[in-house]
Amino acid sequence: MSILHDVNLRGFASDNYSGIHPEVLAAIASANDGHQIAYGEDAYTARLQDVFQQHFGEGVEAFPVFNGTGANVTGLQAMLPRWGAVIAASTAHINVDEGGAPERIGGFKILSVPTDDGKLTPELVDREAWGWGDEHRAQPLVVSITQSTEVGTLYTADEIRALADHAHERGMKLHLDGARISNAAAALDLPLRAFTRDAGVDVLSFGGTKNGAMLGEAIVVLTAGAADGLTFSRKFNMQLSSKMRFVSAQLIALLEGDLWLRNARHSNAMAQRLRTSLEAGIADGSIQGVGFTQPTQSNGVFATLPAGVADRLRETFRFYDWDASRNEVRLMSSFDTTEADIDALVALVAQETSR
């Protein structure tokens, strides 16, 4: 087949824009020969269970799915009765970016809490953690957090432990949306289990796509019995892959060695290079009118630009507005972002803001 895109095109819109890491692509090819039993009864999915247990400890169970929305919706649905509700930050992906799928397909209410930095605290949880036994109110039974958050910030392990203890004391469970969990682990310099299972998280959506996979995430049950019925809900939510070996092979390629960490460290480093370079330009006057709205703690830079600059920059590098009302944009790096990409963007920002 002819190549249909410009292979030299680069962007900062999303880490989903990047291709497949060559080692992951090779793993898919390696799993391709011969026949394997369908729907997860294959050697790769069995091996994946061992790999996840190496990272998260004995007894955890992983359910590969197609995508992050499927992982969140299916995992949360299995954590809740029909009358259940989920407390989440107002910026949470499940509240903003999943097209209403959690409520439409999952059948549970989201109780959102405003938070400027994308993070919940026990005090913020308590704004919606009430009304148990009131038949007129959806029952708050799960707290869901994102790591790293949708605005690029991080929870420490102690902060997650405080949330877990707070939730468990009130009869609620803790769910973690880990679409960028590898970036969080790299930034915190902690093993994956240190801020998940060891910190009291019950169910995890583990992300692979944003860190070099073609497609594929996993719902990881960290606390036995926290998500009953996943075997069935994965199927009726259309997340059961018939050729599951190819999803599992990707996650094995990422997690069996240190590829997941190498990729995440690189994308984080590129975001730091972007932030540092922009700050240097602001300091020396070559960049004007640019500010920052969040700390750069993982692989995203959130910045404000002078009016009209974003659209001119997008003629060369695509990226998304975050809050158009204040000219705030999101600039994301990925495993294949290069120093040259960063330097070219910074040079263009300097050119466009000094007109």
Side-chain angles (χ1 to χ4, degrees), residues 15-16 18-33 36-75 78 147-148 175-186 191-193 195-197 201 203-222 227 230-231 234-235 237-267 299 334-336:
D15 30 17
N16 285 322
S18 62
I20 310 167
H21 192 281
E23 292 179 41
V24 175
L25 194 58
I28 296 171
S30 296
N32 192 45
D33 289 335
Q36 280 280 285
I37 302 173
Y39 298 106
E41 294 185 55
D42 60 89
Y44 296 90
T45 303
R47 172 60 184 151
L48 183 63
Q49 304 304 315
D50 297 333
V51 171
F52 269 108
Q53 289 189 22
Q54 289 172 9
H55 283 282
F56 295 99
E58 293 294 324
V60 305
E61 190 172 6
F63 294 78
V65 294
F66 290 116
N67 53 45
T69 298
N72 287 335
V73 170
T74 304
Q147 176 79 320
S148 53
H175 167 265
L176 190 148
D177 178 350
R180 295 185 176 94
I181 190 172
S182 298
N183 297 94
L192 289 165
R193 69 173 291 168
F195 59 91
T196 55
R197 193 183 195 187
V201 175
V203 176
L204 162 68
S205 295
F206 186 92
T209 309
K210 291 179 171 65
N211 197 33
M214 179 177 72
L215 59 84
E217 323 281 307
I219 304 164
V220 188
V221 181
L222 304 174
L230 266 175
T231 300
R234 179 172 57 173
K235 175 64 175 180
N237 280 315
M238 298 166 283
Q239 289 292 318
L240 181 66
S241 173
S242 58
K243 295 185 179 182
M244 196 181 296
R245 60 170 151 160
F246 299 110
V247 179
S248 298
Q250 295 175 70
L251 295 173
I252 291 170
L254 285 172
L255 289 166
E256 196 165 38
D258 67 348
L259 180 59
W260 65 279
L261 189 57
R262 284 187 279 125
N263 285 352
R265 282 175 173 165
H266 177 80
S267 58
N299 67 319
S334 62
F335 77 88
D336 64 350

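None of these values were measured; they are calculated from a predicted model.
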Which residues share a salt bridge (charged side-chain N to carboxylate O under 4.0 Å, His left out) with E256, sequence neighbours left out: R47
Going by atom types alone, do S148 and N183 pair a side-chain donor with an acceptor below 3.5 Å? no
Rounded to the nearest 0.5 Å, the CD atom of Q250 sits from the CG atom of L215 at a distance of 5.0 Å
Report yes if some heavy atom in the side chain of Q239 is under 4.5 Å from a heavy atom in the side chain of N67; otherwise report no. yes
Non-neighbouring partners of F335 that pass ring pair (Phe, Tyr, Trp, His ring centres under 6.0 Å), sequence neighbours left out: H21
Can you sort out the partners of H55 under ring pair (Phe, Tyr, Trp, His ring centres under 6.0 Å), two or more places apart, ordered by chain and number? W260
To the nearest 0.5 Å, atom CG of L255 lies from atom CG of L192 at 7.0 Å
Identify the heavy atoms of G75 and I219 that sit nearest to each other, and give their distance. N-CD1, 3.8 Å
Working to the nearest 0.5 angstrom, can you tell me the gap between S18 OG and K210 NZ? 10.0 Å
Quick one: salt bridge (charged side-chain N to carboxylate O under 4.0 Å, His left out) partners of R193, sequence neighbours excluded? D198
Can you tell me how far CG of L259 sits from CD1 of I252, rounded to the nearest 0.5 angstrom? 13.0 Å
Looking at L48 and P64, what are the two nearest heavy atoms and their distance? CD2-CG, 3.7 Å
To check you understand the geometry: which heavy-atom pair defines the closest contact between Y44 and R245, and what is its length? CD1-CB, 3.8 Å
Are T196 and I181 close enough, and set up right, to give a side chain to side chain contact (heavy atoms under 4.5 Å, CB included), and what steps lead you there? CA-CA 10 Å; T196 55; I181 190 172; 3.8 Å; yes
Salt bridge (charged side-chain N to carboxylate O under 4.0 Å, His left out) partners for D15, two or more places apart: R180
Give, for atom CZ of R262 and atom OG of S267, the distance between the pair rounded to the nearest 0.5 Å. 13.0 Å
Check for a donor-acceptor pair, side chain of E23 on one end and backbone N or O of A253 on the other, with a separation under 3.5 Å. no
Which atom pair, heavy atoms only, marks the closest approach of F52 to A218? CZ-CB, 3.9 Å
Checking side chain to side chain contact (heavy atoms under 4.5 Å, CB included) for the pair V24/M214: CA distance, chi angles, key distance, verdict? CA-CA 8 Å; V24 175; M214 179 177 72; 5.6 Å; no
Got a sec, which residues hit side chain to side chain contact (heavy atoms under 4.5 Å, CB included) with E217, two or more places apart in sequence or on another chain? V65, A71, T209
Of the non-hydrogen atoms in H175 and N72, which two are nearest, and what is the gap between them? CE1-OD1, 3.5 Å
Does any non-hydrogen side-chain atom of F63 lie less than 4.5 Å from one of L240? no
Looking only at atom types and distance, does a side-chain atom of T45 sit under 3.5 Å from a main-chain N or O of E41, one as donor and one as acceptor? no
Q54 atom CD, neighbour heavy-atom count above 12 within 6.0 Å: yes
Measure across N211 and L254 and return the closest heavy-atom pair with its distance rounded to 0.1 Å. O-CD2, 3.4 Å
Please lay out, stage by stage, how N32 and I28 fare under the test side chain to side chain contact (heavy atoms under 4.5 Å, CB included). CA-CA 6 Å; N32 192 45; I28 296 171; 6.0 Å; no
Ignoring hydrogens and geometry, is there a side-chain-to-backbone donor-acceptor pair from Q147 to G178 under 3.5 Å? no
Inter-residue atom distance F195.CZ - L204.CG, 0.5 Å rounding: 8.5 Å
